[in-house]
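To start, the structure itself, in structure tokens.
Remember, it's a predicted structure, so these values are computed and weren't measured experimentally. Only heavy atoms go into these numbers, but all of them, side chains included; no hydrogens, no water, no symmetry mates.
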Amino acid sequence: MKLEIIFPDKSTQVYDISENKSLIEIDSALKNYLVAKKDDLLFDLTRPIFEVLNEDCKIEVLDFNSEEGKQVYWHSSAHILAQAVKRLFPNAKLAIGPPTERGFFYDIDFNGKTLTEEDIKKIEEEAYKIIKSDYYVRREEWDSNYAKNFFEEKNETYKVILIEEFNQEKVSVYFQGEFVDLCRGPHIPRTGLVKAFKILSVSGAYFKGDERNPQLQRIYAISFPTEQQLEEFLHFLEEAKKRDHRTIARQLELFEIYEEAGSGLVFFHPKGAILRKILEDYSKEKHLERGYKLVWTPHVLKTDIWKISGHLDYYRENMFIMEEKEEQFGVKPMNCPAHILIYKSKKYSYRDLPLKLFEIATVYRYERSGTLHGLLRVRNITQDDSHIFCAPYQVEEVIVDVLDLAREVLNKFGFHKFEIQLSVRDKSDTSKYMGSSEEWYIAEKALKLALEKLNLEYKVLEGEAAFYGPKIDIHLYDVLDRKWQCSTIQLDFNLPRRFNLTFVDKDGKEKTPIIIHRAIFGSIERFMGILIENYAGEFPFWLSPIQVVIVPVSDKFLDYANKVYNILKQKGFRVELDRRKETVGYKIREAEIQKIPFVFVVGKNEVENEGVSIRKRKVGDLGFKKIDEAISILNEQ
């Protein structure tokens, strides 16, 4: 068998393979790479080659500069962490240890022990011993019953549960030194490829995220091929910590979550409510400009509706159900059934489509307590939600318009770098998808053409589509180059059929429309959290909840301060008057802490000359300006 290997620098080398050896046995230089890739399949460099390949082909070897390489590297580092823990705490039980977007974690049951700083230090030291030992990592396939007995004997309760849930004849395990772990893999070929290792934090986590399961300790960590990369990452973490939206929100008095009222339920304070209103008003304006029809629907619907939609059967554990006398209601976790009822209220022809119903609506989902995180994961979720009812041949033009709107809105808020993912069905197993092959072909092609028409780069994720249709997800990058899932566009063949939706087509026959579910912000709460962290609370002038604070030097100048306040209010600026009996210096410092863009100071000179003394955030004193000049400066912002 001839095997052509493509290296990360795009150079190639051809090998004649006649024995069932691993790649690093065929060429020892390959032990310095992380993983091999054939099409979408990743496999270990230590795995016998004929287990994976059986004909002439090309493969790639990946390093840490590839996303897939990073994920394998961090997954393997999680095994190093687990091995270190088992050496120090032999009775600890291992659960799961996946990679994340930036690093990895391992959930571990320490039998009631809480890890201390000293424990963490010892685990790190042990991890470096494992790295220094440079163990080769080896994969084996075991019969599931054998694997189950093996892990039962080692008292690895969670591994036994996972094997039972896999429900497969064979499972794979990985060895490094004395350590063996249940894992699908793949992994790096040797532990010595990890050069820098750091435990970042420890938190509580329920097994599989379910609070009915035992609580474990989740150890978060990071690893890199160089110490310099680790230092740069730790600097990044410090910067991210400064931008934590929960801390900034308390400082700016934007929102709070009161545990006595319920976890994950957000209370917006006056300034937070203003920021939220800015987002909502802007969204409504942009949608109405593009022909969307504004609707409003109730927060609860009878469970009969949720049964038809399928939510009651497949989403019930995330819903809040209410019993009222002889009727049962579900608090809506999504808006689609409500918008469908509006569509069903009259007959439509192809001339009426696409019908674009739009609502800024709060839905409620029982997110597990362990997943809740400030505004980024809440239980009251406000969506700039739309359901577009269209004929199959209208999909492309609709998607082009939605993508263009998403780009316009996200650009407005300062986001210009994106990763777009197109999720399509698994062509090797079409039985699990709703709709005909022809419908899927037309829909997927329409999404691709829309993306290409706008010259947008995208990744195709095969097998990641929902059962009811393909989708597009837009991930934005913030100022720290962190990726956030934001806008989503989903095609749906399922609900139109469940609710018997029709329209009269050009040939006079009744046909089933497609529903396009889409949101631009995604969740307004989440988007606010992203904005707070992106700007570190220092919003651009147009987005600042308070744009100007007026500071009178003393109570003698309150009347004039009120006059300036009213002028600015009438001009449409968001302005406050600081009447507190504090010094001017104290009030200015408070305004800086509150990140207010402008402070207008008024005293004797300002009254006599009908002006204000201006301080601009991050710039300082701009000096005395007449009122008209001051308003011009604000208008320029």
Side-chain angles (χ1 to χ4, degrees), residues 1-79 98-99 134-144 146-147 163 166-176 179-194 225 421 423-432 459-464:
M1 181 176 79
K2 286 199 179 298
L3 183 65
E4 183 178 347
I5 293 183
I6 304 166
F7 292 88
D9 64 0
K10 302 306 177 189
S11 65
T12 62
Q13 190 165 337
V14 177
Y15 298 80
D16 283 313
I17 312 295
S18 57
E19 297 180 78
N20 192 23
K21 294 180 177 180
S22 69
L23 284 168
I24 61 171
E25 288 174 313
I26 293 164
D27 185 344
S28 61
L30 292 172
K31 70 181 183 179
N32 295 315
Y33 295 94
L34 304 183
V35 69
K37 181 181 180 183
K38 168 72 169 71
D39 300 325
D40 292 326
L41 172 69
L42 296 174
F43 61 94
D44 310 277
L45 293 165
T46 55
R47 190 170 177 183
I49 197 70
F50 291 152
E51 286 185 10
V52 187
L53 307 173
N54 56 18
E55 60 184 4
D56 294 355
C57 62
K58 294 180 182 181
I59 66 169
E60 298 174 75
V61 290
L62 306 180
D63 61 14
F64 194 77
N65 293 315
S66 68
E67 284 304 313
E68 291 148 311
K70 281 190 182 77
Q71 291 292 292
V72 171
Y73 191 89
W74 285 332
H75 190 186
S76 301
S77 299
H79 278 221
D134 199 15
Y135 295 120
Y136 270 67
V137 180
R138 178 169 55 87
R139 178 185 188 273
E140 285 190 10
E141 270 194 13
W142 286 357
D143 176 82
S144 285
Y146 175 81
I163 292 167
F166 292 159
N167 193 26
Q168 294 173 344
E169 287 184 17
K170 301 273 188 183
V171 295
S172 55
V173 296
Y174 279 81
F175 290 81
Q176 55 194 44
F179 181 70
V180 59
D181 199 358
L182 176 74
C183 188
R184 288 194 175 98
H187 284 283
I188 61 177
R190 54 194 182 88
T191 60
L193 289 171
V194 177
Q421 297 175 349
S423 296
V424 300
R425 66 177 177 163
D426 180 356
K427 293 181 178 63
S428 65
D429 182 11
T430 59
S431 61
K432 58 186 178 182
K459 291 181 179 179
V460 177
L461 303 181
E462 188 162 336
E464 293 298 311

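With sequence neighbours excluded, the residues forming a salt bridge (charged side-chain N to carboxylate O under 4.0 Å, His left out) with Asp134 are Arg190, listed by chain and number. With sequence neighbours left out, Asp16 forms a salt bridge (charged side-chain N to carboxylate O under 4.0 Å, His left out) with Lys2.
Judged by distance alone, the side chain of Thr46 and the main-chain N or O of Arg138 form no donor-acceptor pair under 3.5 Å. Listed for the Tyr73 side chain is a donor-acceptor partner under 3.5 Å among the backbone atoms of Leu193. Thr191 places a side-chain N or O within 3.5 Å of a backbone atom of Tyr135 that can act as its donor or acceptor partner. Under the 3.5 Å distance criterion, the side-chain polar atoms of Thr430 are left unmatched by any main-chain donor or acceptor of Lys427. With hydrogens and angles ignored, the 3.5 Å screen pairs a side-chain donor or acceptor of Ser144 with a backbone N or O of Gln168. In this structure, Ser172 contributes its side chain and Cys183 its backbone to a donor-acceptor pair below 3.5 Å. The backbone N or O of Ile24 lies less than 3.5 Å from no partner atom in the side chain of Ser28, so there is not a single donor-acceptor pair. When atom types are taken as modelled, the side chain of Gln71 and the backbone of Glu68 share no donor-acceptor pair closer than 3.5 angstrom. Side-chain atoms of Asp39 do not come within 3.5 Å of backbone N or O of Leu41 as any donor-acceptor pair.
Side chain to side chain, Tyr174 and Asp44 meet the donor-acceptor criterion of an N or O pair below 3.5 Å.
Taking NZ of Lys31 as the start and CD1 of Ile188 as the end, the distance is 13.5 Å to the nearest 0.5 Å. For the atom pair CD of Glu60 and NZ of Lys38, the computed distance is 10.5 Å after rounding to the nearest 0.5 Å. In this structure, CD1 on Ile163 lies 11.5 Å from OH on Tyr146, to the nearest 0.5 angstrom. Between atom CG of residue Leu34 and atom OG of residue Ser76 there is a gap of 8.0 Å, rounded to the nearest 0.5 Å. In this structure, the separation between CG on Leu461 and CG on Asp426 is 12.5 Å, given to the nearest 0.5 Å. A distance of 11.5 Å separates NZ in Lys459 from OG in Ser423, rounded to the nearest 0.5 Å.
Between Asp143 and Val171 the shortest side-chain heavy-atom distance does not fall below 4.5 Å. With contacts defined as side-chain heavy-atom distances shorter than 4.5 Å, the pair Glu19/Ile17 does not qualify. The closest side-chain heavy-atom distance from Glu4 to Gln13 is not below 4.5 Å. Counting heavy atoms from C-beta on, the side chains of Phe7 and Val61 come closer than 4.5 Å. At a threshold of 4.5 Å between non-hydrogen side-chain atoms, the residues Phe43 and Lys37 do not count as touching. Between Ser22 and Ile26 the shortest side-chain heavy-atom distance does not fall below 4.5 Å. For the pair Ile59 and Leu53, the minimum side-chain heavy-atom distance is below 4.5 Å. Within the 4.5 Å cutoff, the side chain of Arg47 has heavy atoms near those of the Val52 side chain.
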Full working for side-chain contact (heavy atoms from CB on, under 4.5 Å) between Arg184 and Phe166: CA-CA 11 Å; Arg184 288 194 175 98; Phe166 292 159; 3.5 Å; yes
Derivation of the side-chain contact (heavy atoms from CB on, under 4.5 Å) call for Ile49 and Leu23: CA-CA 7 Å; Ile49 197 70; Leu23 284 168; 3.8 Å; yes
Intermediate values then yes/no, side-chain contact (heavy atoms from CB on, under 4.5 Å), Val173 and Arg139: CA-CA 6 Å; Val173 296; Arg139 178 185 188 273; over 6 Å; no
Residues Ile5, Lys58; criterion side-chain contact (heavy atoms from CB on, under 4.5 Å); working and verdict: CA-CA 6 Å; Ile5 293 183; Lys58 294 180 182 181; over 6 Å; no
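By the 6.0 Å contact criterion, CG on Asp9 is enclosed, its count of non-hydrogen atoms from other residues, nucleotides or ligands being greater than 12.
Between Asn54 and Met1 the shortest heavy-atom distance is C-SD, 3.8 Å. The two atoms that bring Pro186 and Val72 nearest to each other are O-CG1, 3.7 Å, heavy atoms only.
His75 and His187 have tilted rings, their planes meeting at an angle from 30° to 60° on a 0 to 90° scale. Aromatic ring pairs are classed by plane angle as parallel below 30°, tilted from 30° to 60° and perpendicular above 60°; the pair Phe64 and Trp74 is perpendicular.
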